[in-house]
Amino acid sequence: AMSRPGVIQDVDLSKRSITISANRYTLATNVKVHSLATEFSSLYALKPGTEVGFSGSTSNGKKVIDRIWQLPPGSYQAP
């Protein structure tokens, strides 16, 4: 299982693809999205520039995210 923070760079909902801090991931069909305002949000809340934390696993060589949560601005420090 993986769990890490990052910044969204690109989202392609038609392909269930998201790029976070230069890494491409697949969004699980049942991905849970948590925003700062609500416990459960929609994939449309995932915008480029948003700081997020996420967790998931690797399946058939693809990194799949099953949980993603919005972080307050300024909380992610790039390594």
Side-chain angles (χ1 to χ4, degrees):
M2 58 183 176
S3 179
R4 59 181 71 132
V7 177
I8 296 175
Q9 291 169 295
D10 183 62
V11 182
D12 185 339
L13 295 181
S14 66
K15 294 183 179 154
R16 304 199 70 80
S17 167
I18 188 167
T19 304
I20 301 174
S21 297
N23 292 296
R24 183 175 296 277
Y25 302 93
T26 300
L27 294 165
T29 50
N30 61 343
V31 63
K32 303 266 189 297
V33 179
H34 307 281
S35 74
L36 292 174
T38 59
E39 183 181 355
F40 295 104
S41 188
S42 81
L43 290 172
Y44 296 102
L46 303 176
K47 305 269 188 233
T50 304
E51 296 174 45
V52 293
F54 59 95
S55 63
S57 57
T58 302
S59 172
N60 296 327
K62 286 203 287 199
K63 292 180 257 185
V64 179
I65 292 176
D66 56 23
R67 273 184 91 125
I68 188 165
W69 52 93
Q70 192 176 358
L71 297 173
S75 54
Y76 173 68
Q77 303 295 323

Item to complete: Would you please say whether a donor-acceptor pair under 3.5 Å links the side chains of Ser21 and Asn23?
Response: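 Short answer, no.
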
Looking only at heavy atoms, what is the nearest atom pair of [X] and [Y], with distance?
| X | Y | value |
| --- | --- | --- |
| Ile20 | Gln9 | C-OE1, 3.9 Å |
| Val33 | Ser42 | CG1-O, 3.6 Å |
| Arg24 | Ser17 | NH1-OG, 2.6 Å |

Is there side-chain contact between [X] and [Y], with heavy atoms separated by less than 4.5 Å?
| X | Y | answer |
| --- | --- | --- |
| Lys47 | Ile8 | no |
| Trp69 | Ser55 | yes |
| Leu27 | Leu13 | yes |
| His34 | Glu39 | yes |

Out of curiosity, [X] [atom1] to [Y] [atom2], how far, rounded to the nearest 0.5 Å?
| X | Y | atom1 | atom2 | result |
| --- | --- | --- | --- | --- |
| Leu46 | Ile18 | CG | CD1 | 5.0 Å |
| Thr29 | Asp66 | OG1 | CG | 10.0 Å |
| Ile65 | Arg4 | CD1 | CZ | 9.0 Å |

Worksheet item: Same cluster for Leu36 and Val52 if Ile/Leu/Val/Met/Phe/Trp/Tyr side chains link at under 4.5 Å?
Response: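 As far as the 4.5 Å side-chain criterion goes, Val52 and Leu36 are not connected within one cluster.
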
Discussion item. Hydrophobic clustering (ILVMFWY, side-chain heavy atoms < 4.5 Å, transitive) - are Tyr25 and Tyr44 grouped together?
Written reply: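 As far as the 4.5 Å side-chain criterion goes, Tyr25 and Tyr44 are connected within one cluster.
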
Worksheet item: Between Gln70 and Thr50, is there a donor-acceptor pair closer than 3.5 Å when you use the side chain of the first and the backbone of the second?
Response: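 Here the side-chain-to-backbone pair does not exist.
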
Worksheet item: Is there a donor-acceptor pair closer than 3.5 Å between any side-chain N or O of Asn60 and the backbone N or O of Lys62?
Response: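 Side chain of Asn60 to backbone of Lys62: no pair is present.
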
